[in-house]
There are 2 protein chains.
Amino acid sequence: MNDKRPIRATSGTNHEGTSAHNRRVIIDALRLNGALSRADLARATRLTKQTVSNIMEELENDGLVTSRETVRRGRGQPSTPYGLVPEGAFAIGLQIDRHITRAIAVDLVGNVLIRKEANLPAGGPVTGTPVVLQLVEDVRAELKQRVAQAEKRLVGLGVAMPGPFGIDQDDAENPWMMGPWQRFPLLETLSAGTGLNVTLQNDAAACATAERMVGAAHGLDHAVCLYVGYGIGAGLILGGELYRGARSNAGEIGMALLSAGGGKTVEHSASLASLYEHLGVDPMAPDIYALIDERAAANDPDILAWIEKAAVDLRWSVHLIETVFDPQTVILCGGAPAALATRLIEAMQPLLPSNADHAGRVLPRLQLGMTDPWAVARGAAAEPIGHAFDPRFSAILKS
Amino acid sequence: MNDKRPIRATSGTNHEGTSAHNRRVIIDALRLNGALSRADLARATRLTKQTVSNIMEELENDGLVTSRETVRRGRGQPSTPYGLVPEGAFAIGLQIDRHITRAIAVDLVGNVLIRKEANLPAGGPVTGTPVVLQLVEDVRAELKQRVAQAEKRLVGLGVAMPGPFGIDQDDAENPWMMGPWQRFPLLETLSAGTGLNVTLQNDAAACATAERMVGAAHGLDHAVCLYVGYGIGAGLILGGELYRGARSNAGEIGMALLSAGGGKTVEHSASLASLYEHLGVDPMAPDIYALIDERAAANDPDILAWIEKAAVDLRWSVHLIETVFDPQTVILCGGAPAALATRLIEAMQPLLPSNADHAGRVLPRLQLGMTDPWAVARGAAAEPIGHAFDPRFSAILKS
DNA sequence: CTTTTAAGTCAATTGTCTTGACTAATTTGT
DNA sequence: ACAAATTAGTCAAGACAATTGACTTAAAAG
């Protein structure tokens with residue numbers, strides 16, 4: 001009789017949901033198209049001139065947009081374009097990797113204002129958390145000093161680290177596995193330690209977030225970022241939003257077995273970890289990025305040999321991504337040095353045939369995205385900005 | 001000066017968008033939980049009692065819900081549950097396959113009312129379209145005859161056929177490829193021929209739509225249907241909605257090469273096409289479904305041999321799906337006879353290790369979904385219903 | 001210099017959800 | 001038996017945000 005099964009339902013919405021959505025739509029349009037007049041915005045968003053005017057006034061009061069020079073476009077009253085104010089919002093991005101952590105501050109339009117990094121001591125989160133918290137505080141302090149209003153316009157802290165999350169692993173001994181961090185209540189700890197909204201994603205997802213906000217995926221609804229870093233992963237932009245999966249582990253393509261037998265994965269042959277091993281260099285060397293970049297640029301034969309083998313598996317990865325996700329484009333990105341990434345893309349040509357091969361393509365099947373050690377941190381920082389300002393279904397719902 | 005670049009933006013919303021969303025949320029809650037009282041609905045959707053009352057009155061007037069027996073649940077006034085009226089809406093589903101076409105009529109809650117099928121003549125859409133149109137008209141006529149109000153409550157025609165779509169293929173000679181149909185302007189032709197809203201999806205997506213509406217994926221936000229039919233595919237429920245990809249070809253896992261070399265795909269070993277070839281039976285035999293079902297149920301050694309080989313590749317497919325999509329569960333479904341599907345699932349145990357293997361799972365990693373020749377048609381029919389009544393981002397947008 | 005066209009504002013209106021007070025029906029406790 | 005507590009549901013007024021149509025402003029075209 002006492003029927004206490006929980007009732008499952010989507011949340012309803014109300015006027016505030018409507019209004020919030022329309023604000024986001026306008027901010028998104030300005031980010032995507034640059035400065036636009038109220039009339040342009042009204043046409044693009046299908047809202048009335050009056051509604052747009054009201055929202056623009058609000059946004060201007062909130063310091064998120066400003067007017068620009070009026071422009072004359074033929075007959076009729078000249079229009080006044082409005083553009084986003086970079087200082088309208090800030091976010092901090094944090095990357096936690098095996099032996100290093102990086103923090104970054106970005107503004108509303110994705111400009112990077114501050115970069116700081118620190119070495120992570122061995123010992124996992126117990127010894128690492130204080131270092132990480134201090135790094136975030138350093139960035140925050142400098143931001144506060146440089147922009148008076150920054151503190152109250154700080155929308156959150158985005159964290160990125162290698163996945164997968166929530167899987168029971170038997171890796172306590174291997175310093176290159178992140179298991180202790182992945183099992184640690186990082187969100188809660190950082191949230192308590194900073195008082196900020198904290199979100200967590202894996203490094204491939206972070207790269208995809210960055211590419212969507214300011215990179216090759218800007219304005220695309222369907223794009224996959226093939227992330228080549230210490231591991232391999234895919235960041236998924238599906239239907240205009242980052243897709244996380246049920247437990248934030250979607251896109252872990254580097255862990256996919258190449259076939260039913262064997263037990264090999266793409267990570268075995270195409271990750272930077274495999275490159276370091278192939279070259280016999282120490283992954284912890286502080287100048288490793290520059291070193292690899294130089295040797296790749298100089299067409300070092302050892303590197304070329306690795307590239308040949310890696311390209312085979314990466315070519316298959318692109319084929320798989322295209323077959324399974326049907327994206328508009330695939331973007332190669334991550335912590336690989338630019339020279340290496342460029343050569344990888346060259347070596348991957350010609351790509352394997354796939355459904356992506358059709359008449360009427362406008363975007364290349366594979367293109368180069370951000371390849372720098374800070375790409376993941378940038379993406380981590382982009383997440384809170386996108387969360388606060390991008391149009392999304394969940395943003396219209398109540399509570 | 002004449003700056004005519006198109007402006008890209010998401011559409012805004014208004015009061016009607018709000019109202020439409022809330023209606024959908026309520027209908028969805030009733031489908032998901034069965035009959036609920038106004039007070040229950042208000043709690044579940046976070047709307048106020050009054051708002052729910054207003055919407056319920058509207059829905060009752062529209063003939064979409066009716067009140068049920070009042071129930072006493074402890075202290076307080078007894079509540080009056082409201083449930084969906086099956087006759088509140090109807091849709092027709094159409095499956096087009098190599099040599100057969102099936103049409104089906106369903107109601108708002110997914111009951112199948114009418115089933116009809118016809119053989120498709122060789123010659124592709126030129127000779128096939130009249131047959132298909134006639135079949136749809138037959139179903140429509142019978143529906144009209146059985147339910148007086150059906151015609152004006154018919155929300156659309158959903159079509160499913162094998163993908164991929166829009167790819168240039170060189171297959172004119174092979175009667176088992178659907179190229180001519182896939183290149184034909186089917187949507188436009190059927191829309192003109194019936195006057196209905198027509199949508200198109202591939203057969204795996206259709207199965208996923210059916211599983212989500214009335215099957216194993218009911219109420220799940222992240223589920224992948226591994227479709228085993230004449231071909232192999234995956235229907236993707238991602239973030240609560242069917243995911244189609246940029247060109248409706250997402251999930252074509254059967255076309256994924258098993259590795260960079262070789263050129264083999266899962267379809268080569270695990271599709272019903274491969275089974276028919278293995279057994280040396282004619283795929284066009286009218287009783288093939290019953291035949292395979294019987295032989296599988298009797299543990300025919302030829303069938304068991306095929307199952308052993310197919311299970312290897314399907315096991316890998318499940319591993320890949322779990323690694324790449326991170327779903328709550330994987331559902332095996334499609335046109336495979338029940339006895340065969342059951343044995344396949346058994347033969348696939350134990351599954352390959354993957355990220356889906358973690359403490360605290362509630363759903364099985366792999367489960368059996370709909371396996372009957374009508375599953376695709378059911379899914380095709382479910383699409384227009386879902387389009388008309390499910391809460392979705394695009395439903396709140398203007399125009 | 002009048003007409004046409006487009007940007008943008010003003011004031012009144014409309015549609016939808018919210019609020020707070022109310023009624024109705026049932027169980028619990030004395 | 002009866003008052004108190006609790007829950008379902010309604011009523012009527014109010015609040016909020018988008019809409020409408022008339023108006024003002026400013027430029028180009030004829």
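Below, read A as the first sequence line, B as the second, and so on, with proteins coming before strands; counting in each chain starts at 1. What you are looking at is a predicted structure, and each value in this text was computed from that prediction instead of being measured.
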Mind checking whether B/Leu220 and B/Leu363 have side chains closer than 4.5 Å, heavy atoms only?
-> yes
Sequence neighbours excluded, every pair satisfying side chain to side chain donor-acceptor pair (under 3.5 Å) that has a member inside residues 59-71 of chain A = A/Arg23-A/Asp62
Which pairs, protein N/O on one side and nucleotides 11-15 of chain D N/O on the other, fall under 3.5 Å?
from	atom 1	to	atom 2	distance (Å)
D/dC11	N4	B/Gln50	OE1	2.5

Tell me, which of residues 28-45 of chain B have any heavy atom that sits under 4.0 Å from an atom in DNA chain D?
-> B/Ser37, B/Arg38, B/Ala39, B/Arg43
Can you check whether A/Leu242 reaches A/Ile237 side chain to side chain, under 4.5 Å on heavy atoms?
-> yes
Salt bridge B/Arg153-B/Asp107, side-chain N to carboxylate O under 4.0 Å = no
With heavy atoms under 4.0 Å as the rule, sort A/Thr51 into base, sugar-phosphate or nothing.
-> base
Pairing residues for B/His15 by the ring pair (Phe, Tyr, Trp, His ring centres under 6.0 Å) criterion, not counting sequence neighbours = A/His15
Please tell me which of B/Gly76 and A/Thr80 maps to the more 5' nucleotide of DNA chain C, matching each residue to the nucleotide holding its nearest heavy atom.
-> A/Thr80
A/Arg140 and A/Glu151 ion-paired at < 4.0 Å = yes
Within residues 388-399 of chain A, those residues having any heavy atom closer than 4.0 Å to DNA chain D are none
Using atom types as modelled and distance alone, determine if a side-chain donor or acceptor of B/Asp326 lies under 3.5 Å from a backbone N or O of A/Arg247.
-> yes
First and last nucleotide of DNA chain C, 5' to 3', lying under 4.0 Å from heavy atoms of chain B | C/dG15 to C/dT28
Checking all strands, does A/Asn22 fall into the base, sugar-phosphate, or nothing category for heavy-atom contacts under 4.0 angstrom?
-> sugar-phosphate
